[in-house]
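Here the structure comes first, spelled out in structure tokens, and everything after it is commentary.
Below, read A as the first sequence line, B as the second, and so on, with proteins coming before strands; counting in each chain starts at 1.
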2 protein chains.
Amino acid sequence: MKFKDYPKPSVTVDIIIFTIKDDDLKVLLVKRGVEPFAGKWAIPGGFVKMNENLEVAAQRELREETGVNANYLEQLYTFGDVNRDPRGRVITISYMTLVNSNKIKLKASTDVSEARWFSVYNLSNLAFDHKKILEYSLKRLRWKFEYTTLVFSLLQKKFTLTQIQKIYESVFNKKFDKRNFRKKILSLGIIKPVKEIEEMVSHRPSQLYTFIGEIGDTINII
Amino acid sequence: MKFKDYPKPSVTVDIIIFTIKDDDLKVLLVKRGVEPFAGKWAIPGGFVKMNENLEVAAQRELREETGVNANYLEQLYTFGDVNRDPRGRVITISYMTLVNSNKIKLKASTDVSEARWFSVYNLSNLAFDHKKILEYSLKRLRWKFEYTTLVFSLLQKKFTLTQIQKIYESVFNKKFDKRNFRKKILSLGIIKPVKEIEEMVSHRPSQLYTFIGEIGDTINII
DNA sequence: TGAATAGTGTCTTTCAGACAATATGCC
DNA sequence: GGCATATTGTCTGAAAGACACTATTCA
């Protein structure tokens, strides 16, 4: 079979980069510098190189945009409708990751003019079918937060229970009862208190905990 | 950006076709007629045409192998490791579907020599990375059976509670308690009895039910 | 002592899961 | 009556969810 002779679609990876900033779930978008959709905001992405695995390509895009490596990266879905890109047939494999926004210093890559964090609850007018991709990724993110220990990819080594709860409240965009939430988290046996407490706060300092487990482990949280 | 000038990977769709036959969960495999892996069994699939959406390509492959259209088709995962196909870079988007084996008359397509149903619990020595793909698809199938009404895509319009239970037992490869299972299914409010009972059986005939809802609806079943 | 956040327990309801006897139709 | 399968209810333990007050630190 001489499949080299057939015309082939282009293949890209897009990476949805989530973070929590100011108690709000945010996603990193880049402003397109070239047509099509010049001036519109888009999910960062780029072409997959011929000798590059898909996850490697996604990691590379992440690094180009943020300068950090993901400790969690998950393939989401592949979008390949014939007319999703006016330049021709482009099939994109979407990935998502979560980064700690403190560690990030945004830098513009070569073919984009700007990169910025956007609240996921206030998005509009994105390039391509990226709005649809983001809606899908938010569903997946919530699902992952219900069933896995993904939250710890957004926390420092030591953290408080309130910090966990605030992240959950940002991701689900709703409040949880403090007592029930803490009871549930503690019952999972995935965190343990450390011999330190919060410092430099003008109120009762809280107990610090550390995560014992692997990020992404399956476990019922909510 | 003249992205037409870059070398591009080939893109295929593979389709995992599940059915229940003889109270056993089976998957359709085809015997490869050509190299690489000539003579090995493989998941059916083929190249995506340039003017063809991904789901359409998957539906087409399904029709070529079985002659039926899917009433349920779901994208699973995209496999794209650099060396997964010795002929070159091939990225494959996998889909899964469930068909009623009564309706199927298998036919060989052009580039395969034979198609057969295999028990998912007895697979070995498949072509490419297809073993890995099947393991992944079984996990997803089970997940879907826990949380959705997918089972009804395998049943006729009228069915018995025992038929539902037997399908679940095949999919999860374990037995369920009859009383608890029926209690649970009935509590969901997604089926209703019809004014007929089973005929032509040499034992107490059972009540027939019909499904009220959409296949794939989310709902907690197990 | 006031401000700010940390930390904590009980009750009710729901659901999962264990468990066995009777009913019906056909031969 | 014997065979084969259908149908049915109770109890227990676990977990979810509603709900409000006290504790601690700092300024």
Side-chain angles (χ1 to χ4, degrees), chain A residues 20 22-23 142-143 145-149 151 155-156 158-210 218-222, chain B residues 22-23 142-143 145-148 151 155-156 158-210 218-222:
Chain A
I20 302 281
D22 309 323
D23 288 338
R142 287 178 173 169
W143 186 83
F145 266 74
E146 283 188 56
Y147 292 106
T148 76
T149 59
V151 68
L155 291 163
Q156 311 284 56
K158 295 169 190 167
F159 47 80
T160 67
L161 292 175
T162 300
Q163 284 171 340
I164 302 180
Q165 184 171 349
K166 282 198 166 162
I167 293 176
Y168 269 89
E169 290 178 342
S170 300
V171 167
F172 289 92
N173 203 24
K174 68 175 187 186
K175 299 290 180 189
F176 295 98
D177 178 84
K178 194 201 279 193
R179 285 161 295 183
N180 291 340
F181 188 87
R182 294 160 89 94
K183 190 178 11 172
K184 178 69 183 173
I185 294 290
L186 289 171
S187 77
L188 295 173
I190 55 174
I191 62 175
K192 66 174 185 202
V194 296
K195 286 197 196 80
E196 296 163 74
I197 54 173
E198 225 180 1
E199 286 177 2
M200 313 274 288
V201 288
S202 70
H203 53 79
R204 174 173 177 177
S206 69
Q207 175 66 51
L208 292 171
Y209 291 84
T210 190
T218 301
I219 196 159
N220 270 35
I221 292 195
I222 291 191
Chain B
D22 309 323
D23 287 336
R142 286 178 172 168
W143 186 83
F145 265 74
E146 282 188 57
Y147 291 106
T148 75
V151 67
L155 291 163
Q156 310 285 56
K158 294 168 189 167
F159 46 80
T160 68
L161 292 175
T162 301
Q163 284 171 341
I164 301 179
Q165 184 170 351
K166 282 198 166 162
I167 293 176
Y168 270 87
E169 290 178 341
S170 300
V171 167
F172 288 92
N173 202 23
K174 69 176 185 184
K175 298 290 178 188
F176 296 97
D177 178 84
K178 196 199 279 196
R179 283 162 297 184
N180 291 339
F181 187 87
R182 295 160 88 95
K183 191 177 10 172
K184 180 67 182 172
I185 295 290
L186 288 170
S187 78
L188 296 172
I190 55 174
I191 61 174
K192 65 174 183 203
V194 297
K195 287 196 195 81
E196 296 162 77
I197 53 172
E198 226 180 1
E199 287 176 3
M200 312 276 286
V201 289
S202 70
H203 55 78
R204 175 172 175 177
S206 69
Q207 176 64 241
L208 291 171
Y209 291 83
T210 189
T218 301
I219 196 159
N220 270 36
I221 292 194
I222 291 190

Double-helix bend of the helix from C:dT1-D:dA27 to C:dC27-D:dG1, axes at both ends from 5 pairs, round to 10°, gives 10°

A:Ile190 and A:Ile219: CA distance, side-chain angles, deciding distance, side chain to side chain contact (heavy atoms under 4.5 Å, CB included) verdict:
CA-CA 9 Å; A:Ile190 55 174; A:Ile219 196 159; 3.8 Å; yes

- Message: Categorize B:Ser202 for me: base, sugar-phosphate, or nothing, with a 4.0 angstrom heavy-atom threshold over every strand shown.
- Response: base

Between CG of B:Asn220 and C1' of C:dG17 the distance, given in whole Å, is 16 Å

inquiry  = I'd like to check A:Lys184 versus A:Phe176 (side-chain heavy atoms, cut-off strictly below 4.5 Å). Are they in contact?
reply    = no

Taken to the nearest whole Å, CD/B:Gln165 to C1'/D:dA6 is 12 Å

Between B:Gln207 and B:Val194 the two heavy atoms that sit nearest each other are OE1-O, 2.7 Å

No-H, no-angle donor-acceptor pair, B:Arg204 side chain to C:dA23 base, under 3.5 Å: yes

Test item: A:Arg182 side-chain N/O and A:Leu161 main-chain N/O as donor-acceptor pair under 3.5 Å: no

Atom CZ of A:Phe181 and atom P of C:dA6 are separated, to the nearest Å, by 13 Å

Below 4.5 Å, heavy atoms only, C-beta onward: do B:Ile164 and B:Tyr209 meet side chain to side chain? no

> For B:Thr162 and D:dT5, is the shortest distance between a side-chain N/O and OP1 or OP2 below 4.0 Å?
Replying inline: no

Nearest heavy-atom contact between B:Thr148 and B:Tyr168 is O-OH, 3.9 Å

Does a side-chain N or O of B:Lys184 approach OP1 or OP2 of C:dA16 to a distance below 4.0 Å, or not? yes

Sorted by chain and number, sequence neighbours left out, side chain to side chain donor-acceptor pair (under 3.5 Å) with B:Gln165 holds for B:Glu169

Whichever of A:Leu161 and B:Val201 has the more 5' nearest nucleotide on DNA chain C, that residue is A:Leu161

Whichever of B:Leu208 and A:Ile221 has the more 5' nearest nucleotide on DNA chain D, that residue is B:Leu208

- Below 3.5 Å, does any donor atom in the side chain of B:Lys183 face an acceptor in the base of D:dT7, or the other way round? no

Contact check, residues 168-179 of chain A vs DNA chain D, heavy-atom distance under 4.0 Å, returns A:Asp177, A:Arg179

